[in-house]
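Below: the structure, in structure tokens.
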Amino acid sequence: GCFQNLAGRLHEMGESLKQHLPTRTEAIRALHLFNNCDLAFLTALAQHGERKVMYFRHAIVEQGAKNDTMFVLEVGRCAIEVQDRHRVGYVPVGNCFGERTLLGIDEVANATVRVITPLAILLSINQAALQLVVGANSAWAELVETLRKAPAEGRVNGNILKNMELFRLCSSEFVGELARVAQIRGYLPGHSVIVQGEKEADPRMFVLSGGRLGVETHAERFVKLPRGAAFGELVMLGEVDRNSITVRTITFCFILEIQRSLFMSVLDRHEDEREIIYSRFKERVQWPCFKGVDTRLLHLLHLHGGHKQVHPSFDCLTGDNAVLLESGKAIVVDDDGNEIRSLLPGRCWNELIFVNAPPLAHERLIARTACRLRLLSQDQLRLALAEFPEESHKLERAVVRHAVERGEQILGYEPAGAELLRTLSPVFTHASEKFLLELRATAEPRFYLPGAYICGQEVDATDMFVIINGTALVQEPFERYTLSAGSAFQEAVLFGLVRRYPGTLTAKTLCLLLVF
């Protein structure tokens, strides 16, 4: 009776929930069944999928009945029944059933699957859709045949966790068991999923399955999380003891949650995975621009960042990401395709976005050999820094220092060496190596955006500026000229020969400087 009275409301709720689910392609791509399938095939198949809302006690498929449809459970819970409603198991969110009849292995369902929550949302794909897709591309017929012959074990499981960096090297058995203890919950807009400073009795980690989340610190929102984003790993793994950010829903959200107690119980049954997970977590991220930054922050950046494999001659379309080349060889080219410089393993590119510089609009990265890239965006960095705000200033200094030292290399000098100063001005030509190294160690690396004021006319002269990269404009009362990389401005300041700057120094392009 209660259900009958709520039927209309449940229908409205189901239709509303459908608007916040991941795309149909994402839903089937997350299945272990389709692990090795071409993305174009999955996209074409998903286009023919249909989302259905079903209600409490509804039998989606019935044992012994003819069936040709696979279902992916996206919301709710279903029971598996055999022989007069004898319940033998459950279908977790993210898993599928009916894949054998879709692939033509069976003609009838071998069990009844029934909705046991007020409502369930399922993505359905039938044989007619599969045949239509295969008919459009004969190469996919062989792919479907491979799916038919694939081992049955584990193929109905979702693998949203398998795609996470933390679990990427773990066995399918471990990830599958972890997925079974994980829960997917729905949150209304404006709900606080975790609260900054809160210490949970049983900490959780989270993966956003659908919807949009905002991350806040001290009640100020500064980044939005995309689908598939994870948070709370450090708390669940015991690296920190309380939440250092607030995560609040912007729209209705579906979030996968793993409690620490359940995670540890699964881990206890898979001792071999313990070393894999914790060694993976402890792996130091070799971003050269983050030298000296808290290791825990580097671990978190490693988990949040992405990876990309590219083929030779491939344009590494990295968007607004910074890039670390892990293996292979790449080159940086300008708009006309002319090579600017090479990029070797262990080097990074576009890292100044971490200090709010604009992305390199007139440069592109081209793979010379097969390459493996590590990608990190500004939003991913902000999310990690929210957990370690005290590291923000240190990280900014490390990024700028690295960019300046790389600029010294491009100019042909040893980073932080004495030769730059020796060749910069006749004043330093005969200075000792020890003096120049000590002087170089006092220099502060800085960067300036185009048009930024560096120093002004008639201002007390306290610093000498050395341009490492970019160009700057000098405007004096009767003269105007440009300084390029490798130039110094007012070295006489160091010897007390000048008390005021004779002109104004302004960045024409993005400039990297050493300030003495």
Side-chain angles (χ1 to χ4, degrees), residues 289 291-292 340-341 351-358 360 362-363 393-516:
C289 58
K291 187 176 180 180
I340 301 173
R341 61 184 178 276
E351 69 276 14
L352 284 176
I353 65 167
F354 296 143
V355 289
N356 297 318
L360 295 169
H362 301 291
E363 291 185 9
H393 182 63
K394 186 190 297 184
L395 183 139
E396 288 181 8
R397 288 180 59 84
V399 170
V400 177
R401 181 176 62 247
H402 171 266
V404 167
E405 290 179 355
R406 188 183 62 188
E408 289 179 283
Q409 282 184 314
I410 293 172
L411 289 173
Y413 301 106
E414 181 185 355
E419 286 307 305
L420 172 66
L421 287 171
R422 193 182 302 283
T423 58
L424 192 66
S425 169
V427 173
F428 303 116
T429 302
H430 302 292
S432 70
E433 183 88 0
K434 180 181 179 182
F435 170 76
L436 293 178
L437 287 174
E438 289 180 357
L439 180 60
R440 172 62 182 84
T442 66
E444 179 186 354
R446 295 183 190 172
F447 88 100
Y448 293 88
L449 296 175
Y453 167 91
I454 300 173
C455 68
Q457 186 178 5
E458 297 303 319
V459 174
D460 288 345
T462 57
D463 301 312
M464 176 184 81
F465 301 90
V466 178
I467 300 175
I468 300 299
N469 186 271
T471 56
L473 178 66
V474 179
Q475 298 182 81
E476 297 180 354
F478 304 104
E479 189 176 11
R480 178 177 175 150
Y481 57 94
T482 297
L483 294 178
S484 57
S487 303
F489 182 67
Q490 294 300 310
E491 57 266 45
V493 169
L494 296 183
F495 301 96
L497 301 177
V498 175
R499 292 187 176 181
R500 291 182 180 273
Y501 295 116
T504 299
L505 185 64
T506 308
K508 287 184 70 175
T509 64
L510 190 146
C511 284
L512 293 168
L513 284 77
L514 282 172
V515 182
F516 294 85

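Taking every heavy atom of both residues into account, Ser432 and Phe435 meet most closely at OG-N, 3.1 Å. Looking at every heavy atom in both residues, Gln409 comes nearest to Pro415 through CG-CG, 3.3 Å. Here the closest non-hydrogen pair linking Pro502 and Pro477 is O-CD, 3.4 Å. When every heavy atom of Leu473 is checked against every heavy atom of Arg480, the shortest pair comes out as CD2-NH2, 3.6 Å. Shortest non-hydrogen contact noted between Leu411 and Ala485 is CD2-CB, 3.9 Å.
For the pair His402/Pro445, no side-chain contact is recorded, criterion being any heavy-atom separation below 4.5 Å from C-beta on. Side-chain contact between Glu491 and Leu424: absent, with no pair of heavy atoms (C-beta onward) separated by less than 4.5 Å. In this structure the side chain of Thr462 never reaches within 4.5 angstrom of the side chain of Val493, judged on heavy atoms. In this structure, the side chains of Cys289 and Arg406 stay at 4.5 Å or more apart for every pair of heavy atoms.
Ion pairing between Glu414 and Arg440 fails under the 4.0 Å rule for side-chain N and carboxylate O. Salt bridge absent: Glu405 and Lys291 never bring a charged side-chain N and a carboxylate O closer than 4.0 Å.
For the pair Glu408 (side chain) and Ala416 (backbone), a donor-acceptor distance under 3.5 Å is present. Without hydrogens or angle criteria, Tyr501 side chain to Asp463 main chain gives a donor-acceptor distance under 3.5 Å.
With values rounded to the nearest 0.5 angstrom, Arg397 atom CZ is found 9.5 Å from Arg446 atom CZ. Here the straight-line distance linking atom CZ of Phe447 with atom CD1 of Ile468 works out to 15.5 Å at 0.5 Å rounding. Taken from CD1 in Ile467 to CG in Leu483, the straight-line distance is 4.5 Å, to the nearest 0.5 Å. In this structure, OG1 on Thr442 lies 4.5 Å from CG on Leu439, to the nearest 0.5 angstrom.
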Side-chain donor/acceptor pairs under 3.5 Å, residues 506-516, sequence neighbours excluded:
{"residue": "Lys508", "atom": "NZ", "partner": "Thr482", "partner atom": "OG1", "Å": "3.4"}
{"residue": "Thr509", "atom": "OG1", "partner": "Thr471", "partner atom": "N", "Å": "3.0"}

As a quick check of understanding, evaluate side-chain contact (heavy atoms from CB on, under 4.5 Å) for Asn356 and Leu449, giving each step before the final call.
CA-CA 10 Å; Asn356 297 318; Leu449 296 175; over 6 Å; no
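Relative ring orientation between Phe465 and Phe489 is described as tilted, the plane-to-plane angle lying within the 30° to 60° band.
Every pair passing salt bridge (Lys or Arg N to Asp or Glu O under 4.0 Å) that includes a residue from residues 422-438 is listed here, sequence neighbours excluded: Glu419-Arg422, Arg422-Glu433.
Summarising the local packing, CZ of Arg341 is surrounded by more than 12 heavy atoms from other residues, nucleotides or ligands at distances under 6.0 Å.
Arg500 meets the side chain to side chain contact (heavy atoms under 4.5 Å, CB included) test with Glu458, Asp460; sequence neighbours excluded.
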